[in-house]
Amino acid sequence: MRQCASAPGRGCSGSRSPLSRSARGRGGPAPVTHIDEGLDFLGWRLQRHRKKGSNRHYVYTYPSKKALASVKDKVRNVCRQDTSLPLEVLLHRLNRVLRGWTAYFRFGVSHATFRYLRHFVWQRVSGCEGSSAGAHGRTCAAATAAAAGGPFTDEVRLFDPARGKAIRYLYRGMKIPAPWPSTG
């Protein structure tokens with residue numbers, strides 16, 4: 001039988017240490033996955049793929065499906081909130097959501113996701129999804145005839161996530177300067 005070294009009246013905490021209890025969370029220990037299967041972390045999907053045109057494998061980071069579903073829900077909510085809003089107000093609200101999301105995910109392999117998001121938002125704003133007269137009473141033909149750059153007014157243009165520049169990690173190797181002065 002195991003002896004407990006705790007104070008009298010407090011009982012024994014079991015075989016787990018406080019660290020293992022906090023690391024467990026609700027659903028037990030986190031599963032160990034292989035990098036080829038990939039994992040989701042902080043909205044990113046991390047997975048190793050073979051680079052096209054070569055036999056080398058690299059770890060790629062791109063937005064997870066859950067993160068994309070989240071921003072799509074936000075776009076739907078903004079478009080549904082008040083259908084009597086002027087187009088300028090709608091575009092300002094959408095631009096705020098899109099700029100924040102693309103700024104967070106621009107540091108990965110995100111261009112294809114940004115193109116998909118641009119198409120999704122264009123469809124939601126123009127009203128081509130569902131009925132012939134969509135959000136804010138604009139018809140699909142009128143919205144399509146607007147411009148290739150997306151819905152806009154005289155003051156506001158819809159933010160295009162695909163035009164943002166993706167920034168990837170650049171390996172600098174031994175070129176990284178030391179944070180302290182060298183003593184020579």
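Heavy-atom basis, side chains included; hydrogens, waters and symmetry copies ignored. Here, residue 1 is the first one in the sequence, and each next residue gets the next number.
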Using side chain to side chain donor-acceptor pair (under 3.5 Å) as the criterion, list what pairs up with Asn77, not counting sequence neighbours. none

Which residues satisfy the side chain to side chain donor-acceptor pair (under 3.5 Å) test with Asn95, sequence neighbours excluded? none

Is any side-chain heavy atom of Leu158 closer than 4.5 Å to a side-chain heavy atom of Leu98? yes

Going by heavy atoms in the side chains, are Tyr104 and Val71 under 4.5 Å from each other? no

Which heavy atom of Tyr62 sits nearest a heavy atom of Val109, and at what distance? CB-O, 3.1 Å

With a 4.5 Å limit on heavy-atom distance, are the side chains of Cys79 and Val121 in contact? no

Residues forming a side-chain contact (heavy atoms from CB on, under 4.5 Å) with Lys51, sequence neighbours excluded: Ser54, Tyr58, Tyr60

Any heavy-atom pair between the side chains of Arg115 and His119 that's under 4.5 Å? no

Close side-chain approach of Arg124 and Arg80, heavy atoms under 4.5 Å: yes

For Asp73, give me all partners under side chain to side chain donor-acceptor pair (under 3.5 Å), at least two apart in sequence or on another chain. Arg76

Output the distance between atom CZ (Arg56) and atom CZ (Arg50), rounded to the nearest 0.5 Å. 13.0 Å

Using the side-chain contact (heavy atoms from CB on, under 4.5 Å) criterion, which residues pair with Leu39? Sequence neighbours excluded. Thr33, Ile35, Phe41, Leu46

With sequence neighbours left out, the residues meeting side-chain contact (heavy atoms from CB on, under 4.5 Å) with Gln81 are Arg93

In the structure I gave you, are the side-chain heavy atoms of Thr102 and Phe159 within less than 4.5 Å of one another anywhere? yes

Residue pairs fulfilling salt bridge (charged side-chain N to carboxylate O under 4.0 Å, His left out) with at least one residue in residues 94-109, sequence neighbours excluded: none

Just jot down the side chain to side chain donor-acceptor pair (under 3.5 Å) partners of His92, sequence neighbours excluded, or say none. none

Which residue pairs pass the salt bridge (charged side-chain N to carboxylate O under 4.0 Å, His left out) test with at least one member in residues 63-72, sequence neighbours excluded? none

Closest heavy-atom pair and its distance - Ala162, His111: O-CE1, 3.2 Å

Can you tell me how far CH2 of Trp101 sits from CG of Leu117, rounded to the nearest 0.5 angstrom? 5.5 Å

Give me the other members of the hydrophobic cluster that Val32 sits in, counting Ile, Leu, Val, Met, Phe, Trp and Tyr linked by side-chain heavy atoms under 4.5 Å, directly or via other members. none

Which residues satisfy the side-chain contact (heavy atoms from CB on, under 4.5 Å) test with Ser110, sequence neighbours excluded? Trp44, Pro63, Phe105, Phe114

